[in-house]
Amino acid sequence: MTVPSSGRPSALPDRAEVAIAGGGPSGCYLGLELAWRGVPSVIVEERDECDDTRPRAKTTNARTMTLLRRLGLADALRRRAPLSVEYSQEVAFCTGLAGWDLRRFHGAFQLRTGRYEPQPECGQQVAQPLVEEMLRTAAVEHPLITYVPGVRAVGARPAADGRSGGGGGRDGASARLEVQDGSGATTSIDARFVVGADGGSSAVRKSLGIALRGASAGRPNYNVLFRSRDLGDAVTLAPAVQYWVVNERVSGMVGRLDLEDTWWSILQGQDDPGDHTAAAELVRALTGVDAEIDVIATDAWTARMLLADSYGVRGVHLVGDAAHLNPPWGGHGFNTCVGDAANLAWKVAAVHHGWADESLLDSYEAERRPVARRMIEDAAANGRALAHDFVSPALDEDSPAGRAARESAGRALAVKTSEFHSEGLVFGYEYCASPWVTPDGTPPPARDPVEYTPSAAAGCLLPHWWRSDGTSVYDALGPDFTVVVLDPSVVLPPVDTPVPVRTVALEGADAETARNRWGAVSCVLVRPDQHVAYRGGVEGLAGALRTAVRGAADSGPRPAGRGDRTGHATC
C-alpha cells in the first residue's frame, strides 16, 4: 500500500458512514452484514495477511452458520473446510490416540449429517483463520466495503453531543477513529459510527477508558501446531473432531486440522517448555504415540474470563473480543463475537436508513452484554474440569482395575456435557426483558446450557422448522422486519410507519405447524436478527413495530429473573 506525501494511506478515506477498527472475523462479518443491508463501511486492519499458525477457534456453531447462510457464505465455508461434517461428529475422551476410549460425546457442537432441525444449518469444524480469510476476501470484494490493510487503530473519539450524527467532526460526522500506518504516520477517519473490533487489547476500548473486568484461570496452557506424516496411521480410535487425552504425564486436547498431516494440540496446565524439540516431546507424551512431530508454531496462553464495563459511548461501539474475552471451553468466543455483530448491524442500518432514531443503538449493549456474561460463566465452569482432572493411575491398565477406573472416569465425564452439547446456550439466548420487544405475558423457558426449549415468546430466537416445500422458514425472512401471518384469512391493518416490513402468509400444513410451534396467534413479528419482537393479534402490530425501534416508554412489567447487576436485560 502506497503512502502519499501527506502521510495518508492512498486507500484510506477521511470520512465514512461506519469506520470499523479491526478486520478479523468480528469486523469483517459486521462490514458484510452492513453491506447486505446497504450500508457502506471502511475497515482498517493492521495485518496484511491472516495468521494461519494460530488456529484458535475451531468451532463455527449452528447459529453462526445460519447467520453466514443468509449472507450466502455457509456453503462456501463448508467447501473450504478440510474436515467435512461427515468426517466425525464426536468428541472423544481417551487415554491416548492408541489407547482406551473413556467417553464419547456424539453430535458435539451441533455437528449433524442430514437435515438439522433446530436451525437451517448445523455446525462446522473449521479453523478460525480459514473463516477469517473467507470473510476478509468477501469484504475486500464487496463494493460497499473499503478494506485497508496495514493500518491499525490507535484510539477513538466519541461524539461531542451524546449521539452519533450530531456534527462532532468534519462534514457533519460525529465520531472519529484515529489510525496509524506502518511508517508511524497518524491520521483519522470521521464517521457517523465507529466500531472497535480490534481484539482483546483494543485500542478503541482503552481510548474510551472502558475496563475489562473478570479473572484469569489458575493454570497455563500451551498450543502446539504440528505436522506428522505417521501419527494418523498410528491412531487406533474412531475419528473425532477433538481427542481429550487423560494422561498422567501430559493431558490436553489434540485433533486434525486436515486429513493430511496437520494437527493442533492444547497441552492443558503446561508452561512453555522453551523450544520446539521439547514441545514435540510433550506432544508425543500427550498422544501416546512415538510419531514424527514437526512443530510449526507454539503459543503459550492463559484462559481469561473478562467482560467490558460498557459496550461503547456516544457513537462508538465495541464488538467481539474488544468487549469480552471468553475461555475456549465450549467454543463460544468466536461465535459470540459474530452474534454481537449481527445484533449491532441491523440497528446501525436502521438509523442509517432513517427508520429508527439513535436510541435504538442503546439496545445493543442492553441485549448483548448479558449474553457474553452467560457464555463466559458457562465456559469458566467447564474450565474447572479439564482433562488432567480425570487422571487415575489405573486408567491405562488392561486389567479389571483398569476397566473399573475407565468406567468410573466415563461416568465422571458427564460433567462435560454442556461443553459439547450447548444448544441451550447457542439457541436459547434471549432478549425477553429488553424494552425493545413487546411481551405477551409468556416467560422465557428456564435457562439450561444443554437443553434448548424453542419458544416464540417475544425476545426469543424464532423457533425454526422446515416448510412443506423443503425450504427453511428462515429463508422467508427478509433483511428487515417480517410479519408472519398464521391465519391467511386475517387482513393486516395499515401500519403507518417508515419501518420496512415484509409479510409472509402461511397456509395449510405450514400454518398448522407454525401454530404448534409458535402458539395459536394471528401473527408473529420477527426482527431483522431472527428474534421475535411480538406475537399476538394483528391489532397489536403497529405498537409492536414502534416499540421494536424506539423502545418502550414504560418497560415494565417484563419477564422476571432476567436482570443483571447493571440493570440490563439478561439472556
Side-chain angles (χ1 to χ4, degrees), residues 18 20-37 39-87 109-111 116 119-150 195 197-199 225 241 255-260 262 264 297 319-321 328 331-342 344-345 426 474 479:
V18 184
I20 302 171
S26 301
C28 283
Y29 181 87
L30 176 63
L32 288 166
E33 175 128 355
L34 287 170
W36 182 56
R37 300 180 184 283
V39 182
S41 66
V42 174
I43 301 174
V44 299
E45 167 57 47
E46 181 177 10
R47 299 166 300 154
D48 290 317
E49 296 180 348
C50 300
D51 182 4
D52 60 4
T53 66
R54 298 184 65 204
R56 292 172 290 177
K58 289 166 280 291
T59 300
T60 303
N61 69 29
R63 180 66 192 139
T64 299
M65 288 299 295
T66 293
L67 292 171
L68 292 173
R69 173 191 178 99
R70 66 181 185 176
L71 298 185
L73 296 173
D75 287 344
L77 181 58
R78 294 198 195 279
R79 288 192 298 268
R80 294 183 66 124
L83 301 181
S84 68
V85 174
E86 287 74 20
Y87 166 71
F109 304 125
Q110 303 97 55
L111 294 171
Y116 189 54
Q119 291 277 276
E121 298 285 340
C122 70
Q124 175 67 58
Q125 288 297 103
V126 58
Q128 183 174 319
L130 275 176
V131 183
E132 185 175 336
E133 184 180 328
M134 181 194 73
L135 292 172
R136 177 187 285 212
T137 299
V140 168
E141 294 175 349
H142 202 289
L144 287 179
I145 299 174
T146 301
Y147 188 98
V148 187
V195 179
D198 50 341
L225 179 68
V241 295
R256 287 184 177 273
L257 274 184
D258 56 42
L259 294 178
E260 296 177 356
T262 311
W264 60 271
V319 299
D321 287 351
H332 301 302
F334 155 70
N335 295 287
T336 306
C337 295
V338 173
D340 292 344
L344 180 61
V426 174
Y474 279 26

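Remember, it's a predicted structure, so these values are computed and weren't measured experimentally.
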Engineer: When rounded to the nearest 0.5 angstrom, what is the spacing between OH in Y29 and CD1 in I20?
Structural biologist: 12.5 Å

Engineer: Among all residues two or more places apart in sequence or in another chain, which pass the salt bridge (Lys or Arg N to Asp or Glu O under 4.0 Å) test with E33?
Structural biologist: R37, R70

Engineer: Could you go through E45 and V148, starting from their C-alpha distance and side-chain angles, then the distance that decides it, and tell me whether this counts as side-chain contact (heavy atoms from CB on, under 4.5 Å)?
Structural biologist: CA-CA 6 Å; E45 167 57 47; V148 187; over 6 Å; no

Engineer: Side chains of L135 and T137: closer than 4.5 Å at any heavy-atom pair?
Structural biologist: no

Engineer: Search all heavy atoms of G23 against all heavy atoms of I43 and return the closest pair with its distance.
Structural biologist: CA-CG2, 3.7 Å

Engineer: What residue among V338, D75, L77, N335 forms side chain to side chain contact (heavy atoms under 4.5 Å, CB included) with M65?
Structural biologist: L77

Engineer: Drop me the distance from R136's CZ to L32's CG, to the nearest 0.5 angstrom.
Structural biologist: 12.5 Å

Engineer: Please determine whether the number of non-hydrogen atoms from other residues, nucleotides or ligands lying under 6.0 Å from atom CD of E86 exceeds 12.
Structural biologist: yes

Engineer: Answer yes when R47 and E132 have at least one side-chain N-carboxylate O distance shorter than 4.0 Å, and no when they do not.
Structural biologist: yes

Engineer: Specify the closest pair of heavy atoms between L30 and A345, including all atoms of both residues, with the distance to one decimal.
Structural biologist: CD1-CB, 3.8 Å

Engineer: Work out which heavy atom in G320 is nearest to a heavy atom in S26; give both atom names and the distance.
Structural biologist: CA-OG, 3.7 Å

Engineer: Could you work out, with ring-ring contact (aromatic ring centres under 6.0 Å, His included) as the rule, every residue matching Y474, not counting sequence neighbours?
Structural biologist: H464

Engineer: Begin from the C-alpha positions of T59 and N61 and carry the test side-chain hydrogen bond (donor to acceptor under 3.5 Å, both in side chains) through to its verdict.
Structural biologist: CA-CA 6 Å; T59 300; N61 69 29; over 6 Å; no

Engineer: Do Y147 and V44 have side chains that get closer than 4.5 Å, going by heavy atoms?
Structural biologist: no

Engineer: May I have the step-by-step check of side-chain contact (heavy atoms from CB on, under 4.5 Å) for R78 and E121, ending in yes or no?
Structural biologist: CA-CA 11 Å; R78 294 198 195 279; E121 298 285 340; 2.9 Å; yes

Engineer: Quick one: are T64 and V131 in side-chain contact, heavy atoms under 4.5 Å?
Structural biologist: no

Engineer: Indicate the atoms forming the closest heavy-atom contact of P149 with D48, along with that distance.
Structural biologist: CB-OD1, 3.7 Å

Engineer: So how far is it from M134 CE to C28 SG, rounded to the nearest 0.5 Å?
Structural biologist: 10.0 Å

Engineer: Nearest 0.5 angstrom please: L259 CG to S84 OG, how far?
Structural biologist: 7.5 Å

Engineer: Which heavy atom of I145 sits nearest to which heavy atom of A139, and what is that distance?
Structural biologist: CB-O, 3.5 Å

Engineer: Tell me, do E49 and E133 make a side-chain contact under 4.5 Å, heavy atoms counted?
Structural biologist: no

Engineer: If you round to the nearest 0.5 Å, how far is OG of S41 from CG of L34?
Structural biologist: 5.5 Å

Engineer: Looking at residues at least two apart in the chain, or sitting in another chain, which of them share a side chain to side chain contact (heavy atoms under 4.5 Å, CB included) with E260?
Structural biologist: D258

Engineer: Looking at side-chain heavy atoms only, is the closest gap between F334 and D321 below 4.5 Å?
Structural biologist: no

Engineer: Taking all non-hydrogen atoms of both residues into account, name the closest pair between L144 and A35 and its distance.
Structural biologist: CD1-O, 3.6 Å

Engineer: Mark yes or no for whether Q110, through its side chain, and A62, through its backbone, hold a donor-acceptor pair below 3.5 Å.
Structural biologist: yes

Engineer: With rounding to the nearest 0.5 Å, note down the distance linking SG in C50 to CD in Q128.
Structural biologist: 9.5 Å

Engineer: T262 versus R256: any side-chain heavy-atom pair under 4.5 Å?
Structural biologist: no

Engineer: side-chain contact (heavy atoms from CB on, under 4.5 Å) between D198 and E46: does it pass, once the steps are laid out?
Structural biologist: CA-CA 9 Å; D198 50 341; E46 181 177 10; over 6 Å; no

Engineer: With a 4.5 Å cut-off on side-chain heavy atoms, are L130 and P82 touching?
Structural biologist: yes

